[in-house]
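Each remark here refers to the structure printed beneath this line.
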Amino acid sequence: MRAKRALRLAGGRGPGTARESPEDGSGPEELLERVARGDRAAFEHLYDLVAGPVYGLVLRVLRDPAQSEEVAQEVLVEIWRSAARYERGRGSAMSWVMTIAHRRAVDRVRTAQSAVDREDRVARLEVRRPFDEVAESVEGRLERERLRRCLDGLTELQRESVTFAYYGGYSYREVSELLKVPLATVKTRMRDGLIRMRDCMGVER
Amino acid sequence: MTDETRSRDPHTLAGAYALDAIDHDTDRLRFEHHLARCAECAQELRGLVETAARLGQAAAVEPPAALRERVMAEIGQVRQLPPLLLPGSSGPGPSPFTRWWPRLAAGLAAACLIAAVALGAVLIQTRDQLEQARAGNRQIAAVLAAPDARTVTGSGVDGHGATGTVVVSRSQGRLVFASSGLAALPDGKTYQLWEITSGRMRSAGLLRPDASGAIPPVVAAGAGRADQVGLTVEPAGGSAQPTTRPLLLLDLRTA
């Protein structure tokens with residue numbers, strides 16, 4: 001029930017509405033500010049909003065449910081711990097939360113994989129195409145369609161650069177090696193791909 | 001060649017940075033340095049980070065119900081960080097940059113720069129935490145991989161349910177400690193690790209078990225000559241010398 005609400009809120013809204021906080025003080029920004037003051041009830045509300053996105057993203061990057069649960073727990077506790085470090089003027093609460101989640105997941109990938117042979121990694125990467133999986137698990141239908149349409153609007157190289165990095169947890173060097181494209185090109189495609197996504201999805205700046 | 005490309009225009013790293021796709025510390029620091037001086041870049045990065053977050057939200061999956069219980073239990077034992085006070089931050093009251101520095105006119109460049117520096121500082125701070133974690137992992141790996149690494153495992157004194165493992169490397173002068181089966185402590189109490197050398201106790205740090213009662217591997221320095229490692233319960237903040245009987249005592253002399 002709670003999780004359903006989280007999924008709906010996470011996926012089902014239109015552009016820009018992420019930052020239209022409700023008047024009743026239950027938007028993620030207000031909740032985070034209350035959490036910073038040690039308000040447990042606010043944290044429980046915030047959990048309902050962010051746990052689905054946090055767990056889903058970590059799972060997408062790490063694949064292993066047990067490990068993902070562990071990392072998601074770390075992330076959610078970190079949100080409690082460092083809520084006072086969030087400043088509304090610097091961006092949406094959701095983006096702050098997702099940034100923490102993604103960094104933790106990627107850090108786990110890089111630590112775990114540091115011993116693994118690079119060739120192996122690339123071989124494994126070859127069989128997973130994150131973009132195709134996006135559509136299967138996105139819960140919010142409108143958001144899913146929007147995301148798909150926006151991803152479709154990218155060139156193949158932009159799309160692969162962005163999704164391998166974000167959903168796959170790969171560095172731009174690894175993406176460059178995988179796609180057999182120069183480093184400078186991958187960096188550029190990541191940037192212009194994201195810019196095109198930003199404009200397409202109507203992200204406020 | 002690639003170094004040359006990188007230094008020529010750090011700005012192009014904004015996308016990779018927003019996607020956490022920079023795995024090279026030098027690259028990252030160079031970009032963060034650039035970011036702190038380039039208000040325009042900080043503003044662009046912000047939009048890209050928000051965009052990446054939307055990709056993340058689209059991956060939402062219902063988490064296991066047990067996660068909620070564990071998180072709620074754990075936060076009861078976690079001290080919250082105070083707000084970060086940065087020179088140039090606007091202090092209490094409405095921030096001039098409410099919501100995503102949205103429609104900043106070019107004339108606000110000075111204010112923008114302050115925010116850019118602040119954003120850069122926060123990013124660097126997060127990175128510092130990651131770097132600390134990475135440095136810890138590297139130290140642990142170094143101990144575990146040392147040719148003279150020896151392992152000692154023991155269970156709790158007096159039938160206490162805890163078990164502990166120490167891997168010690170005399171050549172590295174470090175030991176790695178991990179434990180499980182530890183009871184959650186009430187507020188005001190903490191676990192403290194001790195290195196015992198010729199009967200002298202030296203604190204090796206305060207430890208907090210996770211929700212499952214485990215302490216993940218931590219590394220302690222100064223283990224060149226330690227005879228024993230002990231774990232006690234102490235008042236929050238730790239003690240200069242142990243005030244309770246150890247619930248774990250591992251003898252390294254046999255190692």
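Chain A is the first sequence line, chain B the second, and so forth, proteins listed ahead of strands; every chain is numbered from 1. Remember, predicted model here, so these are calculated numbers, not experimental data.
Taking all atoms of both residues into account, the shortest heavy-atom contact from B:D20 to A:R110 is O-NH2, 2.9 Å. Taking every heavy atom of both residues into account, A:S95 and B:A53 meet most closely at CA-CB, 3.7 Å. In plain terms, the two heavy atoms of A:A84 and B:P82 that are nearest each other are CB-C, 3.9 Å. For the pair A:R81 and B:R79, the tightest heavy-atom approach, listed with the atom from each and the gap, is CG-O, 3.4 Å.
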Evaluate the side chain to side chain contact (heavy atoms under 4.5 Å, CB included) criterion for residues A:M94 and B:Q57: first the C-alpha distance (whole Å), next the side-chain angles of each, then the deciding distance (0.1 Å), finally the verdict. CA-CA 8 Å; A:M94 206 56 174; B:Q57 291 171 68; 3.4 Å; yes
Please determine whether side chain to side chain contact (heavy atoms under 4.5 Å, CB included) holds for the pair A:W80 and B:E74, giving the CA-CA distance in whole Å, both sets of side-chain angles, and the decisive distance to 0.1 Å. CA-CA 10 Å; A:W80 164 264; B:E74 193 179 345; over 6 Å; no
Under the side chain to side chain contact (heavy atoms under 4.5 Å, CB included) criterion, do B:H11 and A:R191 qualify, and how do the steps go? CA-CA 9 Å; B:H11 194 90; A:R191 176 163 170 255; 3.3 Å; yes
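Side-chain contact, B:D23 with A:Y170: no donor N or O sits under 3.5 Å from an acceptor N or O. One side chain, B:R70 or A:Q73, offers a donor N or O that lies under 3.5 Å from an acceptor on the other.
Looking at A:R40, the atoms closer than 4.5 Å to chain B (heavy atoms on both sides) all sit in the side chain, from C-beta outward. Both the backbone and the side chain of A:M190 come within less than 4.5 Å of a heavy atom in chain B. Heavy-atom distances place no part of A:V186 under 4.5 Å from chain B, backbone and side chain included. For A:V162, the parts lying near chain B are the backbone and the side chain together; criterion is any non-hydrogen pair under 4.5 Å. Only the backbone of A:A36 has a heavy atom closer than 4.5 Å to any heavy atom of chain B.
Put simply, OG1 on B:T12 and NZ on A:K187 are 4.5 Å apart, with the number rounded to the nearest 0.5 Å. Note that CZ of B:R54 is 10.0 Å distant from SG of A:C200, once rounded to the nearest 0.5 Å. Between atom OH of residue A:Y55 and atom CG of residue B:L67 there is a gap of 8.0 Å, rounded to the nearest 0.5 Å. Atom-to-atom distance recorded for A:Y47:OH and B:R68:CZ is 6.5 Å, nearest 0.5 angstrom. Annotation: the span from A:M197 atom CE to B:E50 atom CD amounts to 12.5 Å, rounded to 0.5 Å.
When A:V77, A:I195, A:L76, A:V58 are compared by the number of non-hydrogen pairs under 4.5 Å with chain B, A:V77 comes out ahead. Heavy-atom pairs under 4.5 Å with chain A peak, among B:L48, B:L19, B:V78, B:V71, at B:L19. With chain A as partner, the option from B:A52, B:A14, B:A16 having the largest number of non-hydrogen pairs under 4.5 angstrom is B:A52. Per-residue heavy-atom pair counts under 4.5 Å with chain A were compared for B:A18, B:G76, B:P64, B:A21, and the maximum is reached by B:A21.
Under a 3.5 Å cut-off, the side chain of B:Q80 and the backbone N or O of A:V35 do form a donor-acceptor pair. In this structure, A:Y167 contributes its side chain and B:L55 its backbone to a donor-acceptor pair below 3.5 Å.
A salt bridge links B:D27 to A:R173: at least one charged side-chain nitrogen sits closer than 4.0 Å to a carboxylate oxygen.
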